[in-house]
Chemist: 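Structure incoming, see below.
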Amino acid sequence: AQTVTQSQPEMSVQEAETVTLSCTYDTSENNYYLFWYKQPPSRQMILVIRQEAYKQQNATENRFSVNFQKAAKSFSLKISDSQLGDTAMYFCAFMKRQGNEKLTFGTGTRLTIIP
Amino acid sequence: DVKVTQSSRYLVKRTGEKVFLECVQDMDHENMFWYRQDPGLGLRLIYFSYDVKMKEKGDIPEGYSVSREKKERFSLILESASTNQTSMYLCASAPRIQGPEQYFGPGTRLTVT
């Protein structure tokens, strides 16, 4: 079974600063996906970024980037030039690549951007 | 845009009542999922479905059942609601082939008194 751990229940940062959210996971699989999902207050959960384990290059989406360390089973999310709209719960999630489309989520990090 | 809708945003039910939560997606996705979200526990998978009339148990199926009679609709049923089922319930859907991303509904906050 897979487990996903987010050790930072809450974080806050000043607007325009950079913040890094941590995620570690445990699996015996070699082929999998990792995700960061964002859940703004009272709004729907949306995908922020996705990483495929076989790709060595870290994924990037505009101000969002990841630091994927496969050997260490670490998958952190960096948000650059943070904006007020980044205030949300952030969930790290794991999915096996084949034969199983289930997501395993971490417990989440509540991020607050301070104006 | 993918749209996943859930029948109610807020719901209050009494202990012992039968509760139906409905989820509808408009993108012809094969896969649909029900999660519950609790503070400090993240999202946990209750049931999922790969196709019409097919269902599989997730990590916490006890006290729940599901129904998928049509491809676009996936219902979660609480046969006899209990106070420990007070939670936020999220539905999601995903295409089988095009990619692993799941698309979420807005959630139903269920309170059982």
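Chain letters run A, B, ... following the sequence lines, proteins first, then strands; residues in each count from 1.
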Chemist: If Ile, Leu, Val, Met, Phe, Trp and Tyr residues are connected whenever their side-chain heavy atoms lie under 4.5 Å apart, and connections chain through other members, are Leu110(B) and Phe74(B) in the same group?
Modeler: yes

Chemist: Supply the atom-to-atom distance Phe104(B) CZ to Leu47(A) CG, rounded to the nearest 0.5 angstrom.
Modeler: 9.5 Å

Chemist: Any idea which heavy atoms bring Pro100(B) and Met95(A) closest together, and the distance?
Modeler: O-CE, 3.4 Å

Chemist: Are Val4(A) and Leu77(A) connected in the hydrophobic side-chain network, where two residues link if heavy atoms are under 4.5 Å apart?
Modeler: yes

Chemist: What's the spacing between Glu101(B) CD and Ile46(A) CD1 if we round to 0.5 Å?
Modeler: 9.5 Å

Chemist: Could you list all the salt bridge (charged side-chain N to carboxylate O under 4.0 Å, His left out) pairs where at least one residue sits in residues 68-92 of chain B, not counting sequence neighbours?
Modeler: Lys18(B)-Glu79(B), Glu22(B)-Arg73(B), Asp28(B)-Lys71(B), Glu30(B)-Lys71(B), Lys53(B)-Glu69(B)

Chemist: At a 4.5 Å cut-off on heavy atoms, which part of Arg109(B) comes close to chain A: side chain, backbone, both, or neither?
Modeler: neither

Chemist: Tell me every residue that passes side chain to side chain contact (heavy atoms under 4.5 Å, CB included) with Thr5(B), counting only those two or more places apart in sequence or in another chain.
Modeler: Lys3(B), Val24(B)

Chemist: Near Lys78(A) NZ, under 6.0 Å, is it more than 12 heavy atoms from other residues, nucleotides or ligands?
Modeler: no

Chemist: Do any of residues 33-42 of chain B come closer than 4.5 Å to chain A, heavy atom to heavy atom, and if so which ones, in number order?
Modeler: Phe33(B), Tyr35(B), Gln37(B), Gly40(B), Leu41(B), Gly42(B)

Chemist: Are Tyr90(A) and Leu43(B) joined in one hydrophobic group, where the rule is that I, L, V, M, F, W and Y side chains link up if heavy atoms are under 4.5 Å apart?
Modeler: no

Chemist: Any link between Met89(A) and Phe105(A) through a network of hydrophobic side chains (Ile, Leu, Val, Met, Phe, Trp, Tyr) touching at under 4.5 Å?
Modeler: yes

Chemist: To the nearest 0.5 Å, what is the distance between CD on Gln102(B) and NZ on Lys102(A)?
Modeler: 11.5 Å

Chemist: According to a hydrophobic-cluster definition based on side-chain heavy atoms being under 4.5 Å apart (Ile, Leu, Val, Met, Phe, Trp, Tyr only), do Ile46(B) and Leu78(B) belong together?
Modeler: yes

Chemist: At under 4.5 Å between heavy atoms, what parts of residues 13-44 of chain A are in contact with chain B? List them by residue number.
Modeler: Tyr33(A), Phe35(A), Tyr37(A), Gln39(A), Ser42(A), Arg43(A), Gln44(A)

Chemist: Considering only heavy atoms and a distance below 4.5 Å, find which of Arg9(B), Met88(B), Glu56(B) pairs most often with chain A.
Modeler: Arg9(B)

Chemist: With a cut-off of 6.0 Å (strictly less than), are more than 12 heavy atoms of other residues, nucleotides or ligands near CZ of Arg44(B)?
Modeler: yes

